[in-house]
Amino acid sequence: MKIWVASEDIADGLAGLPGLDIAVYDGRGPVPAGIGEVEVWVPPLVPVRDVPGLLAGMTGLRLLQTVTAGVDPYLPHLPGHVTLCNARGVHDAGTAEWAVGAMIAVLRDFPEFGAAQQRGAWSWHYTGVLADSTVLIVGYGSIGEALERRLSGFEVEIVRVARNARPGVHGQDELPDLLPTADVVVLLVPATADTAGMVDAGFLARMKDGAVLVNAARGSVLDTDALLAELQKERLRAALDVTAPEPLPPDHPLWTAPGVFITPHVAGSTPASIRRTRTLVCEQIARYISGEPLENIITGHY
Ligand code: GLV
């Protein structure tokens with residue numbers, strides 16, 4: 001069985017499994033030979049440039065196992081007979097940790113202090129703080145749970161929102177009433193047709209003066225121009241690990257907008273994610289080979 005995997009590390013992990021013809025394709029080097037015989041594809045963390053083109057050549061594909069929680073680059077282009085599985089869980093720790101660090105960085109003015117340090121300037125001033133604030137988690141799934149666990153020592157109130165209400169979790173339809181109560185709003189929703197542009201001018205307008213928007217979801221969820229307008233007024237602040245477009249071009253106005261802290265989609269790019277990805281992929285391929293039920297199959301809404 002021919003399998004293309006994202007890294008040498010995953011290839012090493014699979015080496016003990018029987019009957020595999022493994023090629024590493026990390027999206028940067030040349031496309032390996034034999035695309036038509038690929039049965040399983042584990043694409044790289046940063047999507048290859050031409051996903052539809054590559055998928056069109058994979059006429060024998062049966063399973064696409066991502067190394068990301070998000071499957072948005074693949075879902076619209078996959079034929080119905082190909083099983084799509086995500087890497088639910090492997091980036092929970094890294095992403096939740098990034099979100100805590102990013103909200104504290106913005107609230108405690110770390111980017112400004114970093115810039116002042118470069119100038120040798122002792123820029124004493126009061127800052128904001130996380131303690132006593134309300135953190136609204138929009139898209140409460142496994143990353144949201146990991147974030148809540150990490151925030152449990154920070155003396156904050158957590159408000160949870162998911163697509164549909166369930167015990168302890170508000171439904172998305174309640175957002176208009178919840179947004180004005182939050183000091184920090186963390187976006188963790190998947191990129192789908194439903195969430196495209198959901199954080200628009202109206203959403204942002206309902207956020208409290210001085211609140212912080214944290215985007216660890218996808219750039220497509222957020223209307224960048226609407227956020228820019230709020231940042232220029234210095235009414236909101238933001239921490240963004242994801243942007244639209246990505247990479248953000250060097251001359252994009254978001255880079256220099258007041259009150260924004262930007263990282264280049266690195267929340268899940270950590271040694272913990274690499275270790276957990278290898279384990280998840282190897283266990284999943286072992287299941288595939290032995291005909292056991294697969295985990296994290298994406299169906300319908302995800
Ligand atoms: C990272 O962006 C992921 O989707 O896991």
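Each ligand, and each atom within it, is numbered from 1 in the order the structure gives.
- Near ligand 1, residues T68, A69, G70, H91, R218, H265 each place a heavy atom inside the 4.0 Å sphere around the ligand atoms.
- E174 CD: more than 12 foreign heavy atoms inside a 6.0 Å radius.
- Under the 30°/60° scheme for interplanar angles, the aromatic rings of H125 and F113 are found to lie parallel.
- Summarising the geometry, atom CG belonging to L187 is positioned 10.0 Å from atom OG1 belonging to T195; distances are rounded to the nearest 0.5 Å.
- Heavy atoms of other residues, nucleotides or ligands lying less than 6.0 angstrom from CD of Q117 number 12 at most.
- A donor atom on one side chain and an acceptor atom on the other are not found under 3.5 Å apart for D109 and T127.
- Side-chain contact check for E39 and Y288: at least one donor-acceptor pair (N or O, by modelled atom type) lies under 3.5 Å.
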